[in-house]
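What's counted below: heavy atoms across the whole structure, side chains too, no hydrogens, waters or symmetry copies. Positions are given from 1, in the same order as the sequence printed here. Both counts, for ligands and for their atoms, begin at 1 and track the order of listing. Model, not experiment: these values are computed from the prediction.
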Amino acid sequence: MSSEGKPRGTDMGTKEKVLKILQEHSGEYLSGQEIADGIFVTRACIWKSIKALKEDGYEIDAVTNKGYRLRSNVDAVSEDYICSILEDNNIEVYVYDEVTSTNDVVIEKARESKKCTLVIADSQTKGRGRRGRDFYSPKMTGLYMSIAMPIEVPISEMSDVTARAASATAKAIDDLIFDGEDATTIKWVNDIYYNEKKVAGILSEAHTSLEDEESYIVIGFGINVYKPVDDFPKEIKQIAGAIVSGERADNKVRSKLAVRIVEYLLQYMDDDEASIKLYRDKSMLIGSYVKVDTYKKNSRYAYVTGIDDEYHLCVKYDDGQEAKLSSGEVSVIKY
Ligand code: BTN
């Protein structure tokens, strides 16, 4: 069974068409009749679509004798913008209002096209994180995106892809949200922090089909761009944060971020030196005393001495034993 709804831009319903027109004239008033004439429906249909869009969270002003206006600070994900920038990279792009998980949809799409594929959704009903956790994915708030890449090398050779994706994400956030300032940090392996709060996570999954022996790597990015209107749920409120504080300043923040992350990801997949340097420079663990939880053993305590060229975490345990960790989870012990 397919895990997605309809991608935007294909076989659009009236609501999506109305949204597209309002976005094209963002900040301007358009009368109901003008919109209706443009898509050959009645004014009553326009009224219904506007109501549905408002329920979806779009801020639309309705003024008698002027018409409807989409507030220009609505940060809708723009498929046109993303495609126009990424088309040279030969990546198929799909944008949805809602999916189960972009990691699931992207692998279905990539298997159909056998191409590098990017899927972005405005919300996810079954967003997931590492270790079987849920990833909270409400609409109009975050960037939920996955890229699937066909790979020809054994999957074992792609083990550092999550870390490279973390470098790409942190750098893209610094560039676009913090004007190039070094604001984010990376918590090994895949978490991006800002102001001591987790603002983004990455989930990489490998897929090999036994039928045709094709392999794909799927990298899913979940970024809390804005704080949810009703705040984060209480279970994650203490650790989760957003990269934009206050007002939505630009109506394409999420689209620009998506593009920049993909651009850096492609760069860092090739440029070993740039990726590992950035990853080490941004590490919030090097030099810290941490609690280590691996899949196999009970918790142990250690100093983090570095990160090696394979993105392993180098630690020295309390008993003097040294180790290089390839997986697991660590938490910083604060005195
Ligand atoms: C984590 O922090 O443990 C990883 C979170 C990864 C979340 C993203 S959102 C887009 C993609 N789809 C998912 O279901 N998960 C990833």
| When rounded to the nearest 0.5 angstrom, what distance separates CG in D174 from CG in L278? | 7.5 Å
| request: From atom 1 (C) of ligand 1, work out which of E205, R131, R133, K198 has a heavy atom at the shortest distance. | output: K198
| field | Selected option - heavy-atom contact closest to atom 6 (C) of ligand 1, from Q124, M145, R128, R130 | value | R128
| query | Do the charged groups of E205 and R128 touch, with an N to O distance under 4.0 Å? | reply | yes
| field | Ion pair D61/K54, N-O distance below 4.0 Å | value | no
| field | Polar contact flag for S101 and ligand 1 (N/O pairs, less than 3.5 Å) | value | yes
Per-atom contacts, ligand 1 versus [X] - under 4.0 Å to a heavy atom:
X: I202; answer: 4 (C)
X: G129; answer: 1 (C), 3 (O), 4 (C), 5 (C)
X: S146; answer: 11 (C)
X: T102; answer: 10 (C), 11 (C), 12 (N)
X: G127; answer: 14 (O)
X: F221; answer: 8 (C), 9 (S), 10 (C)

| field | is_close_aromatic(Y194, F178), centroid dist under 6.0 Å | value | yes
| Proximity of D104 to ligand 1 by residue part, where a heavy atom lies under 4.0 Å | neither
| Mind checking whether V41 and I46 have side chains closer than 4.5 Å, heavy atoms only? | yes
| said: Do V315 and T305 make a side-chain contact, defined as non-hydrogen atoms from C-beta onward lying under 4.5 Å apart? | reply: no
| note | Applying side-chain hydrogen bond (donor to acceptor under 3.5 Å, both in side chains) to S146 and not counting sequence neighbours gives T102, N103
| How far is atom 5 (C) of ligand 1 from its nearest protein heavy atom, and which residue and atom name does that atom have? | F135 CD1, 3.5 Å
| request: Verify the neighbour count for atom CG of D37: are there more than 12 heavy atoms of other residues, nucleotides or ligands below 6.0 Å? | output: yes
